[in-house]
Amino acid sequence: MGVRLSAFARGLGQAPAPPGPFRPGFWRSPIRGPWLTSVFGLVLLVGLPVLFVTGALSYAAYNPDLGLLNDQTPDKGVLGFYLFDWPTNPSWLYRLTQGVHVTLGVTLVPVVLAKLWSVFPKLFEWPPVRSAAHALERLSLLMLVGGVVFEFVTGILNIQLHYVFPGSFYTLHFYGAWVFIAAFAVHVSLKLARMVRALRSRSLLGELRTGLADTRPEPPDADGLVAVAPAAPTIARRGALALVGAGSLVLCAVTAGQSIGGRLRSTALLAPHNREPGDGPTGFQINKTAAAVGVTSAMVGPHWRLELYGAGAARSLSREQLLTMSQQSAWLPIACVEGWSTADQHWSGLRLADLAAMAGLPEASTVLVESVQPPGPYSSVVLRGNQIRDLRSLLALGVNGADLSLDHGYPARIIVPANPGVNNTKWVRRLTFRT
């Protein structure tokens, strides 16, 4: 196979390069070269693995190995090898990991675009394949570029709540991440030594002191990044670095506030949940309103009952009955996959541990939580035993000294420390505890 591929590559290489971007003289930027590419690559070498790890942690936080209700990728196979019981401590864990994932992803957009610009001539290399090894490198490059573009585009669309995907965002983003990280690992193994040599070839401080008038092309390189017929420079390398760095800082500044909260929330200009939606005790962020998911006041009116199932006889409890029981409270945030989060809110209600005991299963290993919301993604969820037993895990009836609003899950909702927001089910109608 390798021999036939080499023979084909030699025959292809003897043909003249097509016009346009396939001709070496087409690319004329005098600052494009291994050093500048390696500077952007070094940033991504640190940032992209952090993105992958925090994304993988986000997937683990949904406890997908508890079953199909929690798992959007049931055919993942060995890709779920790392899954573990998601902890409840610290309570801000998911707020931190997902905030880092989203904020860093947005911040890296200018760096990714700059890196793609710096290696763009490689996409039009001629001949496209020279050998089996070169074919592997080209395939990894195609998967890398396609993977990073796909992951960033789908991630940003999700942050902006534009669900225009040809399937579930979670499924697409999950498998896309594994394709990308595989290509990333291959690419790094092939290019790391060359990147280190390029970074050592000139001083960063020296380039930052070099103005436009003194900007010169790098020496010709084996990778063909340096222009063979460079044009006069219109921007120095330090200008390119400053432009990319400033773009990243601006994007960070208009995104991070949705995760940090407080006064910085008003700076999150690109975040759909950037500001407080109202005043009063329930005036904090909401992912989806009751109207958006088809929950009406009639569905949670006086006839609403909480159904409780476990080892003994099923129980049906009105909200008034729940309010007569011993009420507990906890200060907990809500954090969502889109990266936004709230400050700690003061929730009050019944401990899930107490409800498990009431159902005759004080050592329950799971609880199935079902909502009055019409069937759909996350209208039901399964929680783990460690989440049930955490004394801060509540079936909340109120927040900040007031009854829950309809949009916040009235008459009862789940609130569990370090739990993704969508798994803190609202408008709860049934709890089924199991061992």
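Values below: all heavy atoms of this structure, side chains included; hydrogens, waters and symmetry mates excluded.
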Checklist entry - Do Asn419 and Asn424 meet the criterion of a side-chain donor-acceptor pair at a distance under 3.5 Å? => result yes
Item to check | Donor-acceptor pair between Thr73 and Asp75 side chains, under 3.5 angstrom | outcome: no
Checklist entry - Mind checking whether Phe174 and Trp178 have parallel, tilted or perpendicular rings, split at 30° and 60°? => result perpendicular
[X] side chain to [Y] backbone, donor-acceptor under 3.5 Å:
{"X": "Trp92", "Y": "Pro333", "value": "no"}
{"X": "Thr289", "Y": "Ala292", "value": "yes"}
{"X": "Asn70", "Y": "Val381", "value": "no"}
{"X": "Arg138", "Y": "Pro128", "value": "yes"}
{"X": "Gln72", "Y": "Leu172", "value": "no"}
{"X": "Ser201", "Y": "Ala198", "value": "yes"}
{"X": "Ser371", "Y": "Trp427", "value": "yes"}
{"X": "Tyr82", "Y": "Ala56", "value": "yes"}
{"X": "Arg237", "Y": "Arg216", "value": "yes"}
{"X": "His408", "Y": "Arg413", "value": "no"}

Locate the shortest heavy-atom distance separating [X] from [Y]; write the atom from each residue and the value.
{"X": "Gly339", "Y": "Ser259", "result": "O-OG, 2.5 Å"}
{"X": "Gln345", "Y": "Val399", "result": "CB-CG2, 3.8 Å"}
{"X": "Ser365", "Y": "Thr435", "result": "OG-C, 3.0 Å"}
{"X": "Ala60", "Y": "Trp86", "result": "O-CB, 3.9 Å"}
{"X": "Leu391", "Y": "Arg351", "result": "O-NE, 3.2 Å"}
{"X": "Ala183", "Y": "Leu144", "result": "CB-N, 3.5 Å"}

Validation row: [X], [Y] side chains within 4.5 angstrom (heavy atoms):
{"X": "Phe150", "Y": "Val179", "result": "no"}
{"X": "Leu108", "Y": "Val43", "result": "yes"}
{"X": "Pro34", "Y": "Glu218", "result": "yes"}
{"X": "Tyr59", "Y": "Lys76", "result": "yes"}
{"X": "Phe40", "Y": "Val119", "result": "no"}
{"X": "Leu192", "Y": "Leu45", "result": "yes"}
{"X": "Ile334", "Y": "Trp340", "result": "yes"}
{"X": "Leu204", "Y": "Leu241", "result": "yes"}

If you look only at pairs with a residue in [range], which of them pass as a side chain to side chain donor-acceptor pair (under 3.5 Å), with sequence neighbours excluded?
{"range": "residues 389-399", "result": "Thr88-Asp390, Asn89-Arg392, Asp390-Arg392"}
{"range": "residues 93-107", "result": "Thr54-His101, Ser58-Tyr94, Ser58-Gln98, Arg95-Ser341"}
{"range": "residues 243-257", "result": "none"}

From [X] atom [atom1] to [Y] atom [atom2], the distance as rounded to the nearest 0.5 Å:
{"X": "Ile260", "Y": "Leu96", "atom1": "CD1", "atom2": "CG", "answer": "10.5 Å"}
{"X": "Tyr62", "Y": "Leu69", "atom1": "OH", "atom2": "CG", "answer": "14.5 Å"}
{"X": "Arg32", "Y": "Trp117", "atom1": "CZ", "atom2": "CH2", "answer": "4.5 Å"}
{"X": "Lys426", "Y": "Tyr410", "atom1": "NZ", "atom2": "OH", "answer": "15.5 Å"}
{"X": "Asp214", "Y": "Glu207", "atom1": "CG", "atom2": "CD", "answer": "10.5 Å"}
{"X": "Trp347", "Y": "Ile414", "atom1": "CH2", "atom2": "CD1", "answer": "11.0 Å"}

For [X], all residues meeting ring pair (Phe, Tyr, Trp, His ring centres under 6.0 Å), sequence neighbours excluded:
{"X": "Tyr175", "value": "none"}
{"X": "Phe180", "value": "Phe184"}
{"X": "Trp35", "value": "none"}
{"X": "His173", "value": "Phe169"}

Contacts of type side chain to side chain donor-acceptor pair (under 3.5 Å), residue [X], not counting sequence neighbours:
{"X": "Asp85", "answer": "Arg384"}
{"X": "His346", "answer": "Ser329"}
{"X": "Lys115", "answer": "none"}

Checklist entry - So, Trp27 versus Phe124, ring centres under 6.0 angstrom or not? => result yes
Next on the checklist: Does the Lys NZ or Arg CZ of Arg23 fall within the cation-pi geometry relative to Trp126 - under 6.0 Å from the ring centre and within 45° of the axis?
Outcome noted: no
Next on the checklist: Counting neighbours of CZ on Phe120 that are heavy atoms of other residues, nucleotides or ligands and sit closer than 6.0 Å, is the number greater than 12?
Outcome noted: no
Item to check | salt bridge (charged side-chain N to carboxylate O under 4.0 Å, His left out) partners of Lys191, counting only residues at least two apart | outcome: Glu137, Asp223
Next on the checklist: Evaluate Glu338 against Gln258 for side chain to side chain contact (heavy atoms under 4.5 Å, CB included), listing each step before the verdict.
Outcome noted: CA-CA 10 Å; Glu338 288 93 3; Gln258 68 168 346; 5.6 Å; no
Next on the checklist: Set out, in order, the CA-CA distance, both residues' side-chain angles and the distance that settles side chain to side chain contact (heavy atoms under 4.5 Å, CB included) for Gln327 and Leu397, then state yes or no.
Outcome noted: CA-CA 9 Å; Gln327 304 291 297; Leu397 305 174; 3.6 Å; yes
Next on the checklist: One pair to check against side chain to side chain contact (heavy atoms under 4.5 Å, CB included): Leu352 and Leu355. What are the steps and the verdict?
Outcome noted: CA-CA 5 Å; Leu352 292 184; Leu355 290 169; 4.3 Å; yes
Next on the checklist: Using the rule side-chain contact (heavy atoms from CB on, under 4.5 Å), only one of Thr432, Leu66, Asp71 pairs with Val382; which is it?
Outcome noted: Leu66
Checklist entry - Which is it for Asn423 and Gln387 under the side chain to side chain contact (heavy atoms under 4.5 Å, CB included) test, yes or no, and what are the steps along the way? => result CA-CA 11 Å; Asn423 279 5; Gln387 295 173 312; over 6 Å; no
Item to check | Qualifying salt bridge (Lys or Arg N to Asp or Glu O under 4.0 Å) pairs with a residue from residues 42-56, counting only residues at least two apart or across chains | outcome: none
